[in-house]
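Computed over heavy atoms, backbone and side chain alike; hydrogens, waters and symmetry mates excluded. Chain naming here is simple, since letters A, B, ... match the order of the sequence lines and numbering starts at 1 in each.
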Number of protein chains: 2
Amino acid sequence: MSATVDKRRLILDAAVRVFARQGFHTCRVSDIADEAGVAYGLVYHYFPSKETILDTLFLERWNLMLATIEDARAADLAPREKLQRIASFIVESYRHDPDVMKVIVVEVTRAANTFGRTHVERIMQAYEGIARIVEQAQATGVFRRDVDALFAAQAFYGLVEQVLTQWIFSAGEVSAEEFERIKLAIVEMICVGLDG
Amino acid sequence: MSATVDKRRLILDAAVRVFARQGFHTCRVSDIADEAGVAYGLVYHYFPSKETILDTLFLERWNLMLATIEDARAADLAPREKLQRIASFIVESYRHDPDVMKVIVVEVTRAANTFGRTHVERIMQAYEGIARIVEQAQATGVFRRDVDALFAAQAFYGLVEQVLTQWIFSAGEVSAEEFERIKLAIVEMICVGLDG
DNA sequence: TTACCGATTGACTGGTCAGTCAGATGAACC
DNA sequence: GGTTCATCTGACTGACCAGTCAATCGGTAA
């Protein structure tokens, strides 16, 4: 760790870009090294394996997410505002660094079935945190009681992830208005539904 | 194509199991051949590449899905029943062959970003079909008009996919009651929302 | 019986790439 | 100058695997 540049960080940031562009399985470790402007071997000085890099990237962001969910849950706010905070956090995460969210959604969340049993647990923690918010709202009568809380949490998270997927697919720039509009639309959709 | 066994079909079915178990990138073509009880070379007699096998599996099922969506849209039913048909089709698809749905959710959506631009288009067709159902329901006043139809379609599909993901995660058997319960819960959630 | 041809076999090849390692660099300190 | 140690370098290796291909099998028809 020098005063000039943190090479470890440099490698992580490069890896995000490469994973987002080429996909985890398709890219080579040398691509990451090149993108970071660093020698091949240095990657293995800081990380024991290619997969560890992906794990690190995922955990850095996901832990922030879990913290946000817990903060929202514990906050003195209406249930709707709590969900709003979480939706906003995820949308802002994408806005600030689309590549990280793309990698998380495409490479980790979806792939968690095939490998990394560890991550499944961490991913579930997010659902459970959101479910707890729903339960509390049901207890106070703000939300209907005849919906399973975990199911509601899945609906919420599923919608958010779908929105990100849509942005990832379209590959074009998303406008500031779109970000703000969607943030509100997500919560509105989940709370009120389609019936007119 | 003999009267005894269709080897091509045998290979496709084996591939589904292998992809679901090991993941597309992680498995070897020889794993597929072994699983099918067929010589390695025969795989390449029927398919030009490993990726083509995945494409074929995806298209077989996705085309059924697009047909179901179009049928539902054109049917003389309440909008809610139309959505119900689609949700039921996907849930039943999972019930009947979880491996196929797992591969589609996990591998194809992932691949759609990195390569296979073709698939993105086909995937979008599903959203658009659902969106058309929503639009029609908005036109007749059954659904609220202040929700973007494509966004509503995403919410619907996102929830369904999330439910599948949950079942894939849990890796245990899902009961018949659970399947029926969830089918209804999906549509209820999308139409009515959480507000009490 | 023979000739033909698609189905089937599995050994082999050529290229790829994750991870290793022996050594270079340079900063800090004596 | 010399010693030490973390940082850094990139050529190399060993394993792996998608895809090829020459050979064999077996059914059909002349």
In this structure, how many angstroms lie between the P atom of C/dC17 and the CD atom of A/Glu51, rounded? 17 Å

Selected nucleotide, minimal atom distance to A/Lys7 side chain, candidates D/dC8, C/dA7, D/dT9: D/dC8

When rounded to whole Å, the CG to P distance for the pair A/Asp6 and D/dT7 reads 10 Å

d(CD1, B/Ile53; C1', D/dA18) in whole Å: 11 Å

Taking atom CD of B/Glu121 as the centre, does the number of heavy atoms from other residues, nucleotides or ligands within less than 6.0 Å exceed 12? no

Closest listed nucleotide, where the reference is the side chain of B/Leu42 and the choices are C/dT9, C/dG19, D/dG10: C/dT9

Just N and O in the side chain of B/His45: are any of them under 4.0 Å from OP1 or OP2 of C/dA7? yes

When rounded to whole Å, the NE2 to C1' distance for the pair A/His25 and C/dT16 reads 16 Å

Atom pair distance, as rounded to whole Å: OH in B/Tyr46 and P in D/dA18: 21 Å

Can you tell me whether the side chain of A/Tyr40 and the base of C/dA18 have a donor-acceptor pair closer than 3.5 Å? yes

Starting from P on D/dT20, measure out to NZ on B/Lys50 and report it in whole angstrom. 15 Å

Check the pair B/Tyr127 / A/Gln162 against side-chain contact (heavy atoms from CB on, under 4.5 Å), numbers first and verdict last. CA-CA 11 Å; B/Tyr127 298 161; A/Gln162 201 63 41; 2.4 Å; yes

Indicate yes or no: at least one non-hydrogen side-chain atom of A/Lys50 is less than 4.5 angstrom from one of A/Cys27. yes

Between C/dA18, C/dG10, D/dT9, which nucleotide has the shortest distance from any of its atoms to the side chain of A/Ala39? D/dT9

Can you classify the ring geometry of B/Trp167 versus B/Tyr94 as parallel (below 30°), tilted (30 to 60°) or perpendicular (above 60°)? tilted

Between A/Arg28 (CZ) and D/dC17 (C1'), how many Å, whole number? 16 Å

Any side-chain N or O of A/Tyr44 less than 4.0 Å from the OP1 or OP2 oxygen of C/dG19? yes

Provide, to the nearest angstrom, the distance between the CG atom belonging to B/Leu10 and the P atom belonging to C/dA7. 15 Å

Parallel, tilted or perpendicular for A/Tyr157 and A/Trp62, by the 30°/60° rule? perpendicular

